[in-house]
Amino acid sequence: MRRTTHWSARALGALSAAVALVAALLPATPAVAATVTFKAATLNIYNGLTQADFVHDLNLITSKADLVGLNEVGNRKAFLETWAADNGWWLYAPGGINQAGEALIAKKSMFDVLDEGSIFVCDTNGPGKVPPARYNNWVKYSHKASGRNVTHINAHAVASIETAGRPEDLPRTRCAEAQFQGLKDLAVDKQGEGQVIVSGDLNVDFSADRSYGYAKFPWQVFEANELPNLRSNYNLYGEKGTGTHGNRHIDYVYFWKRLPEYQLMWMTDYDIVGGTRSDHNGVVATFSVQN
């Protein structure tokens with residue numbers, strides 16, 4: 001019995017040596033690529049707030065994110081220019097009040113600006129009428145820590161265009177439909193230049209839209225199709241909190257999700273930011289990007 005036990009130990013030793021030899025001859029397992037993180041946010045700061053309440057909301061959202069899309073801020077353009085210069089942020093707020101309303105800001109310590117642009121969509125109810133004209137604004141940044149290009153697209157769709165996910169038969173709804181398709185087309189165009197984030201108040205509730213599935217609203221235009229495509233924070237991580245505007249989840253952060261073998265940036269989670277003076281809560285999404 002002792003001899004058998006002794007022989008088994010020797011056999012195990014020889015087997016271990018053989019396994020080690022084979023392992024040494026095999027190619028090494030590739031190291032997992034290093035990643036770095038940043039946070040991107042969206043917040044509609046109601047244009048009727050007092051200056052003090054506006055500053056409160058601006059400071060709140062910028063304390064939680066590195067890249068921010070703002071809505072309804074065109075009447076504060078001059079203030080934002082001073083604020084950005086004094087606090088180390090890039091600002092893109094082109095044109096007059098309507099066009100500048102969908103402003104984009106980013107920390108200079110984390111991003112460099114490579115390019116920027118603004119695309120007119122429609123006049124909503126007609127030239128010079130209320131609600132005013134809509135624009136899709138964008139900035140292409142270089143993310144310093146990773147070296148990756150990140151294009152941030154920001155928009156604000158007109159309100160009162162759906163009921164329980166069903167479109168209202170109004171000129172403003174057709175304007176919004178054109179804007180959603182324009183956002184998708186712009187995201188498709190920019191994904192060839194790097195990573196893409198889309199943000200904004202789209203005035204369509206996520207769960208109602210997904211349930212009804214109107215062909216020209218965000219769920220079908222952005223998310224229902226196969227990859228590669230846009231994916232929202234709600235699609236990936238569910239609807240948190242009670243809503244971003246009342247009980248509706250209408251403020252979004254999307255990113256361009258590719259097939260796994262081509263994915264260099266991921267949305268890893270998000271939070272709803274309450275405590276605002278605006279009638280909207282903010283959304284802050286965390287991104288991990290490969291070096």
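These numbers were taken from a predicted model, which means no experiment stands behind them. As a basis for the values below, the full set of heavy atoms in this structure was taken, side chains included, without hydrogen atoms, waters or symmetry mates. Position 1 is the first residue of the sequence; numbering continues from there.
- In summary, of the residues considered (T268, T37, I197, D269), a side-chain contact (heavy atoms from CB on, under 4.5 Å) with F287 occurs for I197 alone.
- Each disulfide bond (SG atoms under 2.5 Å apart) pair with one or both residues in residues 212-291, not counting sequence neighbours, would appear here, but there are none.
- Among all heavy-atom pairs drawn from S146 and N291, the shortest one is CA-OD1, 3.3 Å.
- Classification of E162 and R248 as a salt-bridged pair holds, one side-chain N sitting under 4.0 Å from a carboxylate O.
- Of the inter-residue distances, the one linking C122 atom SG with E177 atom CD reads 10.0 Å to the nearest 0.5 angstrom.
- Residues I272 and L58 do not share a hydrophobic cluster, defined by chaining ILVMFWY side chains whose heavy atoms lie under 4.5 Å apart.
- A salt bridge links R174 with D169: at least one charged nitrogen is closer than 4.0 Å to a carboxylate oxygen.
- Of the possible donor and acceptor atoms, one in the side chain of T173 sits under 3.5 Å from a partner among the backbone N and O of E168.
- In this structure, L104 and L70 have side chains that are not in contact, with every pair of non-hydrogen atoms separated by 4.5 Å or more.
- No donor-acceptor pair under 3.5 Å is formed between the side chain of D209 and the backbone N or O of V204.
- Judged by distance alone, with hydrogens and angles left aside, the side-chain atoms of S211 form no donor-acceptor pair with the main-chain N or O of S207 at under 3.5 Å.
- Contact of the K257 side chain with the P228 side chain is not registered, since no non-hydrogen atoms from C-beta on lie closer than 4.5 Å.
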Could you check L230 against V198 for side-chain contact (heavy atoms from CB on, under 4.5 Å), going step by step and ending with a plain yes or no? CA-CA 8 Å; L230 290 166; V198 179; 4.0 Å; yes
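- Hydrophobic clustering (ILVMFWY, side-chain heavy atoms < 4.5 Å, transitive): Y252 and W266 are in distinct clusters.
- At least one side-chain heavy atom of V113 sits under 4.5 Å from a side-chain heavy atom of V139.
- Linking ILVMFWY residues whenever their side-chain heavy atoms come closer than 4.5 Å, directly or via other members, places M265 and V188 in the same cluster.
- Listed for the R148 side chain is a donor-acceptor partner under 3.5 Å among the backbone atoms of Q290.
- Counting heavy atoms from C-beta outward, M110 and K144 have side chains that stay 4.5 Å or more apart.
- Contact annotation: the side chain of V253 approaches that of M267 to within less than 4.5 Å [non-hydrogen atoms, C-beta and beyond].
- The two residues R172 and P131 have their closest heavy-atom pair at NH2-CG, 3.6 Å.
- For the pair Y254/P218, a side-chain contact is recorded, criterion being any heavy-atom separation below 4.5 Å from C-beta on.
- Taking all atoms of both residues into account, the shortest heavy-atom contact from K77 to P94 is NZ-C, 3.9 Å.
- Here the rule is side-chain hydrogen bond (donor to acceptor under 3.5 Å, both in side chains) with T244, and of D251, N44, D205, N281 only D251 fits it.
- Rounded to the nearest 0.5 Å, atoms CG (L186) and CD (Q181) are 11.5 Å apart.
- One finds no salt bridge joining K140 and D115 here, because no Lys/Arg side-chain nitrogen approaches an Asp/Glu carboxylate oxygen to under 4.0 Å.
- Under a 3.5 Å cut-off, the side chain of T124 and the backbone N or O of P132 do form a donor-acceptor pair.
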Tell me, with the steps shown, if N203 and I250 meet side-chain contact (heavy atoms from CB on, under 4.5 Å). CA-CA 5 Å; N203 273 305; I250 65 174; 3.6 Å; yes
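- Applying ring pair (Phe, Tyr, Trp, His ring centres under 6.0 Å) to F111 and the options W89, W90, Y141 leaves one that passes, Y141.
- A distance-only check finds a donor-acceptor pair linking the side chain of S232 to the backbone of N235 [under 3.5 Å].
- By the rule that hydrophobic residues join a cluster once side-chain heavy atoms approach within less than 4.5 Å of another member, L60 and L67 end up as members of separate clusters.
- Below 30°, between 30° and 60°, or above 60°: for F120 and Y135 the angle between ring planes is above 60°, a perpendicular geometry.
- With rounding to the nearest 0.5 Å, the separation of CH2 in W138 from CG in L183 is 13.5 Å.
- The structure places CG of N98 at 11.0 Å from CD of E72, a figure rounded to the nearest 0.5 Å.
- The aromatic rings of Y214 and F217 lie perpendicular to each other, with more than 60° between the two planes, well past the 30° mark.
- Taking both residues in full, the closest heavy atoms of H152 and A41 are given as CE1-O, 4.4 Å, listed atom of the first, atom of the second, then distance.
- Remark: the backbone N or O of D57 is not paired with any side-chain donor or acceptor of R277 at under 3.5 angstrom.
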For I105 and W83: C-alpha separation, side-chain torsions, deciding distance, then whether side-chain contact (heavy atoms from CB on, under 4.5 Å) applies. CA-CA 11 Å; I105 58 175; W83 178 91; 4.1 Å; yes
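- Hydrophobic clustering of Ile, Leu, Val, Met, Phe, Trp and Tyr side chains at less than 4.5 Å, counting indirect connections, keeps Y92 apart from V73.
- Of all heavy-atom pairs spanning T276 and G282, the tightest one is CG2-N, 4.5 Å.
- Checking N247 against T242 by side-chain atom types alone, no donor-acceptor pair falls below 3.5 Å.
- F54 carries R76 over the face of its six-membered ring, with the cationic atom under 6.0 Å from the centre and within 45° of the normal.
- Residue-environment remark: NZ (K107) exceeds the threshold of 12 foreign heavy atoms within 6.0 Å.
- The two atoms that bring K184 and V221 nearest to each other are NZ-O, 2.9 Å, heavy atoms only.
- Side chains of V121 and N136 form a contact here, defined as non-hydrogen atoms less than 4.5 Å apart.
- Within the 4.5 Å cutoff, side-chain heavy atoms of Q195 are placed close to those of R258.
- L114 CG to T151 OG1: the interatomic distance, rounded to the nearest 0.5 Å, is 8.0 Å.
- The neighbour count for E261 CD, taken as heavy atoms of other residues, nucleotides or ligands under 6.0 Å away, is above 12.
- Under the 3.5 Å distance criterion, the side-chain polar atoms of N137 are left unmatched by any main-chain donor or acceptor of A93.
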Take D201 and H280, measure what side-chain contact (heavy atoms from CB on, under 4.5 Å) needs, and give me the verdict at the end. CA-CA 9 Å; D201 171 9; H280 286 253; 3.2 Å; yes
Is there a ring-ring contact (aromatic ring centres under 6.0 Å, His included) between F38 and H143? Walk through the geometry before answering. CA-CA 9 Å; F38 66 88; H143 180 237; 5.0 Å; yes
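- In this structure, OG in S199 is found 3.5 Å from CG in N154, a value given to the nearest 0.5 Å.
- Between Y237 and Y270, the ring planes are tilted. Angles from 30° to 60° get that label.
- Listed for the H249 side chain is a donor-acceptor partner under 3.5 Å among the backbone atoms of K240.
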